[in-house]
Amino acid sequence: MLVINFRSDKVNSLQLMSFRKNTVLDVAFTWKARCTMDFSQKLKRTLKVVVAIIWTIVLPVFYSGFRRKYTCYSTQYGSWLGEWCYSSYMVAVAFYLMTNAVDMVLFLVPVIGRYIETSNWRICSILSWWTQIKPLIAPTRKIMKIGVKNYDWHELFPKVRSNAGAIAAIWAPIILVSISRSTRISPCLYISWTHKYGTLFTVQSLVEFMEFYTILIRTLGMVRSTFQSLPSAFSACLIPPSSKTEKDQNRKWYLHQRFQKASENEKNSVVKFVLVWNQIICSFREEDLISNRLNTFFLFFSLNMPYLSRNLMEFYFIKSREMDLMKIPSSPELFSGQVHWPVFLLTNKLATALNIARDFVGKDASLCRMITQDTHMYLAVTECYESLKYILDILVVGDLERRIISGIFGEIEEIIARSSLVEELKMSELPALHARCVELVDLLVEGNESNRDKVVKALQDIFELVTNDMVLNGSRTLDSLYSHQQIEEDATEFFGEIEPQLFASKHSIHFPLPDSGPLVDKVLLIKRFLLLLTVKDTALDIPSNLEAQRRISFFTTSLFMDMPSAPKVRNMLSFRLSFDYSVLTPHFMEEVKFSTKELHSSQEGVPISFYMQKIYPDEWQNFLERMEDEKLDGSNDEFKEEDLRNWASFRGQTLSRTVRGMMYYRKALKLQAFLDMAEDDDILQGYDVIERRNDTLSAQLDALADMKFTHVISCQIFGSQKSSGDPQAQDILDLMIRYPSLRVAYVEEKEEIVADKPGKVYSSILVKAVNGFDQEVYRIKLPGPPNIGEGKPENQNHAIIFTRGEALQAIDMNQDNYMEEALKMRNILQEFLRHQGRRPPTILGLREHVFTGSVSSLAWFMSYQETSFVTIGQRLLANPLRVRFHYGHPDLFDRVFHLTRGGISKASKTINLSEDVFAGFNTTLRRGYVTYHEYMQVGKGRDVGLNSISKFEAKVANGNSEQTLSRDIYRLGRRFDFFRMFSCYFTTIGFYFNSLISVIGVYVFLYGQLYLVLSGLEKALVLEARIQNIQSLETALASQSFIQLGLLTGLPMVMEIGLERGFLTALKDFVLMQFQLAAVFFTFSLGTKSHYYGRTILHGGAQYRPTGRKVVVFHASFTENYRLYSRSHFVKGFEILLLLIVYDLFRRSYQSSMAYVLITYAIWFMSLTWLFAPFLFNPSGFNWGKIVDDWKNWNKWIKQQGGIGIQQDKSWRSWWNDEQAHLRHSGLSSRLIEIILSLRFFIYQYGLVYHLDISGQNKNFIVYVLSWVVIVMIFLLVKAVNLGRRYLSANYHLAFRLFKAFLFLGVVATIIILSIICDLSLRDLIVCCLGFFPTGWGLILVAQAMRPKIEATGLWHFTRVFAQAYDYGMGVALFAPIASLAWLPIISAFQTRFLFNEAFSRRLQIQPILAGKKKRNS
């Protein structure tokens, strides 16, 4: 069965194998045949649809009543029935499952089915008709009746009747598929009717789904449309309620009710939102996501936007203004409710309004309605009018001029009040007025005193345009001015006389405006006004950085989700009113920061700094802008070099990135404490000003943040790194110096004399940074060495004592955090006080964002797969299945609960390889409760190269096999109710077990077909069917096609991406993934999971596999790929390929090629995928230069002698010994099973020797014996060559060559003689190869299983030589087609395109990275 799995490693949440799906597919696939059906068949399908609809309605109705009672804990353990918890829903499901149970019984017990078919009882007729037993049983009965006497080989069991072998070959794979499917019935039923994103019928779930879908904000356009609601949402979620009534108010209201409550401090909340928003935008700038000028679109106000001359204005507004466009200006007007929204919301709105007004024909009411319909347009027009009025008020200081301007504005406002704007003003002059205003404000921002005359001219032009051109009925202000001066001349002459006097005197205008002092805020508002006048459509995509867009969209969405009210920071100190918390990050030898050497050099020839510049080009430019260096050539500048290290490290999976992200918690706490404690004057000064001041308030904020938050890094080997001078120790110390509240815990090992005997003493030590050095804070003596398991659990366990508070967040060192998400930590901690049912939660699951999916197709696949798991998957596991455990980080633990119940990690070696999930098992077994919350997320790095992905999946598969053997799973299964038991199985070990069964089903099917073909059974049965015109029998023999397209398994991913980014986008991405060979990747992953899960179940030997977290888009050598995938994929791929070839060779005489293709095309796809996927997904895998280097390295590796201390990447022998490590401690039963499984390779030889022309149709057993004589002769020839190489090649080289020539000529002569005397043909030689190659491999596997018995004999040395020859042959067979394709340049170009299509779509420069080594060497 080909399973293309589009989901995560631990859950397959929407494998819809339910009755409804089967019914719909049954009707859909037989729709075109409806005209040929009789009445009973039509009635049967109609009734199936009706019954499916009835169950679709009945089960949700019963479940809605059952939903409040998730489980029960019976006290009647003495009775088996007492352990069951009955409910109406369970009874309804039991009735539903009865039909599936009847199908299974009739399938497994044919006697019952035969009786039902032959019975005259009405109920039996109905049952047979409904379950479709007759179409399945009839071909089997006919096969049993056909007598086959002549076989194509020597039949070992000639007395077996009824063709039992054929029946077993046909039905064995079906039984395996049925077993796999039957294990999925319960969870799939549960999922089908309760999943929030499936078909919903309960009113509550439907309303929750509609609410969630409605508030999703996926694009910047949606952010703009909801931005005015953000202050209210922010106040409701992140501002502590002002009274206990509001605090205890039920927060489960819907979107239109959420922000209806009005509090007395609503205006003050707007001020706090402005402050927090600006801090978020500043954090974007610190992370180089936006530039100093570009982020104005998101800030409500720009604080540092340099002026550009007018001739560069267009370039300026296209290229450099993010910062100013994103901020919100802080001013005393905020306390009066006047908010100047960010410019990015109002972009292009003024220009649109001017165009509407210019061409408008109608009444004022209609124009006003058109403007006010767009809220942002109305705000832009209003703000521009008020800003112009305000600027003229502070610019013009002359008495006469101020009276004239005041009069003109008074007239305009009277016209607006009379609703006669269109009638009394010439609206077509508005664009001209707009141009004059831009000219004036441009000069004011420039502030050059030499431009005073230009400012006066601009003011006079505006005055003349308004009074003479725009006011149609004349200006009353001019008339009053005429009468006051008693001038008798007409208006034109009067104007000509006074115009030189207006604004021209020295004291009439205040220009230039000062850059400091009381008018500095006014100058900033003038700059904002200039942005409002000039920003065009190019600002619609601000911010341009995709990561900034995503973070803003999610933060905006999260404010509309249901979350508890945030308490004040000071109130968080009280026990169980809210929680103070700690973050624990285990670290071993992973990268802390990229070193200077790594930045500028690499073993692959591409420096990390060069790689980062090409992957993050916009962030690199922002970094250069922040450094005020266009090229950053000053490599000798120590400070800039350190900044470069930090910039690159913050974009890798390093400890420094994790620490920076987690320290946002402390920064957020300080900011929130400031909002709780600060007065209005402090808020107006700004948080940055208060933070820089060394006063009482700043000290209080620091103390409060330190009391509430602790971050401990458990660097287990930090002590040994210090003593050995490891540069990583200094990097860790630098992190402590940079973040004074950071603490590091490590284990110290030192020699001491105890009782006159030397011994080692172990201590756990906590240190902090003081005056540039690490200072010990606590020391705890340990009873012995802490490392008893895999390492990571002990690393966490020894340091957990140094954490503080009631909540503990476990963070891995490849994670990240964000300022805007850290603001919600107070809310998430309040979830511990929410009682979900009978108990408060003990583990809080959080959403993760995978930040490593932006370049290669593999990274994209893994990102989408992981996203579906950490969102829709975990949402389902937590509710309604209630089988979510702890799958890693960033879950929050109830620290007190877990410290008193065994901790957060189990440290037993091997069995607790997946230590995270055992923490969830332990919590659930001890009556804990695990929840999941999506309104907060952290970043997560994932493996993005095929080799690292495969290592990770192998580790997880090993962990699941150990879970299968653990007592924890047994206890959970015993204590769960029926549905939770099946859901737990399916969402943990069941997925891997089903993957193994699927692969085994393929083998059983192919070996069954091989038996039918080689024995001659299939040929005899098909010919008999054709003679008797039995169509159903022939169809049954040709219907064993193991095809599962796997499209339905991609539904979770498509659904989640559809919710996040829109369903059209999700569908496009899904189709694009298929073109980028996603099916190949997931099929290859299936082989990884099944191999390591099955091998560990049989032999044990689970081990941690480090994957590495550095840059991985480089070429992997052929030798490395062979070492990783030889036994898990290549051997199995060759085996399946050989089965398909043999099957094709011997079925052609009686079976059409189309039938063969339909039966086996999916298996061909799987075999070729397992053989060549590592090379398809290997960057530069078809580059001829790389091919040549790989061939040289491969030959060197395969011929290198191994030994003690030689790593497996240096020698084939060392690798071969390590590859058999799982057999060294395997038990007798496991070795026996391994030997039995290896016997399958002998069936080739047994079947094929009887099809040789040289055998002369002889079916005697002696033919098979003679084939073994040939094999022994081949072994002796190989042994002779090996002995000759050992004793003659060094000193008697010529003799050795003559000896090999003699053997070669002897073999050729033997073949010629046999071809003449015994009719040996070329076809016989090919068939012999097909039969003898598997036999040799089977003998090698048997010898490996019997190694303890034969290792001391010469057979073991011969086995090693033989295995080396096989590996060399398989390597050549793989290498040949790859080298052939490398001659075609289009193949390499095509590979680069599909492998890095995501990068090409983002216009990233991939080719320079891939060609980096070549350029560097040249």
Side-chain angles (χ1 to χ4, degrees), residues 234-235 237-240 268-269 271-287 299 303 327-328 330 551 555 565-574 577-583 658-712 735-743 768-769 803-807 809 811 816-830 892 936 938:
F234 175 85
S235 177
C237 296
L238 301 181
I239 299 299
N268 191 38
S269 299
V271 179
K272 295 179 179 180
F273 170 72
V274 170
L275 183 63
V276 171
W277 175 264
N278 288 345
Q279 287 299 314
I280 293 173
I281 300 306
C282 289
S283 71
F284 283 4
R285 182 63 195 98
E286 293 173 0
E287 298 175 23
L299 293 170
L303 298 178
K327 274 191 173 180
I328 305 175
S330 300
R551 286 170 55 176
F555 177 69
S565 298
K568 291 186 176 181
V569 176
R570 184 177 296 276
N571 293 341
M572 293 175 70
L573 296 175
S574 55
L577 287 179
S578 184
F579 288 71
D580 51 330
Y581 59 99
S582 299
V583 173
T658 302
V659 171
R660 182 197 65 172
M662 295 306 115
M663 294 310 293
Y664 277 132
Y665 284 135
R666 186 178 185 277
K667 189 174 182 179
L669 280 176
K670 286 186 62 177
L671 176 60
Q672 291 168 329
F674 170 75
L675 296 177
D676 293 342
M677 302 166 58
E679 302 295 336
D680 292 348
D681 293 339
D682 296 327
I683 294 178
L684 286 179
Q685 291 182 27
Y687 172 71
D688 294 332
V689 177
I690 300 298
E691 192 176 28
R692 288 192 295 266
R693 286 186 346 201
N694 190 16
D695 58 3
T696 304
L697 179 58
S698 178
Q700 288 179 349
L701 297 179
D702 287 327
L704 201 55
D706 290 336
M707 293 175 68
K708 287 306 303 169
F709 171 72
T710 304
H711 186 192
V712 177
L735 287 177
M736 289 192 288
I737 296 173
R738 182 171 184 173
Y739 305 103
S741 60
L742 181 66
R743 302 291 183 263
K768 65 178 181 179
T803 59
R804 296 186 288 111
E806 294 84 32
Q809 186 175 25
I811 291 293
D816 196 6
N817 200 12
Y818 317 109
M819 177 64 185
E820 65 274 12
E821 299 304 313
L823 295 168
K824 292 175 279 190
M825 179 53 77
R826 292 188 300 179
N827 306 82
I828 199 70
L829 291 176
Q830 292 299 101
L892 279 115
M936 183 174 175
V938 299

- Note on the structure: Nearest heavy-atom contact between Ala673 and Val569 is N-CG2, 3.6 Å
- Message: On a heavy-atom basis, which atom in Ala807 and which in Leu829 lie closest, and how many Å separate them?
- Response: CB-CD2, 3.6 Å
- Say you draw a straight line from CE of Met936 to CG of Asn817; how long is it, rounded to the nearest 0.5 Å? 5.5 Å
- Interatomic distance, NZ@Lys568 vs CG@Leu675, rounded to 0.5 Å, equals 11.5 Å
- Closest non-hydrogen atoms of Leu238 and Arg826, given as atom of the first, atom of the second and distance, are O-NH2, 2.8 Å
- Message: If I take atom CG from residue Leu701 and atom CG from residue Leu669, how far apart are they, to the nearest 0.5 angstrom?
- Response: 10.5 Å
- Message: With rounding to the nearest 0.5 angstrom, report the CG to CD distance, Asp676 to Gln672.
- Response: 7.5 Å
- Ring centroid separation Tyr665 to Tyr581 under 6.0 Å: yes
- Nearest heavy atoms of Ser565 and Gln830, plus distance in Å: O-CG, 3.5 Å
- Task: Evaluate the side-chain proximity of Phe284 to Arg551: yes if any heavy-atom separation is below 4.5 Å, no if none is.
- Result: yes
- Query: Does the side chain of Ile828 come within less than 4.5 Å of Lys824's, by heavy atoms?
  - Reply: no
- With sequence neighbours left out, what residues match Arg666 under side chain to side chain contact (heavy atoms under 4.5 Å, CB included)? Met663, Lys670, Asp702, Ala705, Asp706, Phe709, Ser741
- At what distance, to the nearest 0.5 angstrom, does CG of Asp816 lie from CD of Glu287? 7.0 Å
- Note on the structure: In this structure, CD1 of Ile280 is separated from OH of Tyr818 (nearest 0.5 Å) by 14.0 Å
- Message: In the structure I gave you, are the side-chain heavy atoms of Tyr664 and Met825 within less than 4.5 Å of one another anywhere?
- Response: no
- Note on the structure: Heavy-atom closest pair (Met819 atom, Ala668 atom, distance to 0.1 Å) is CE-CA, 4.1 Å
- Closest heavy-atom contact between Val712 and Thr710? CG2-CG2, 3.8 Å
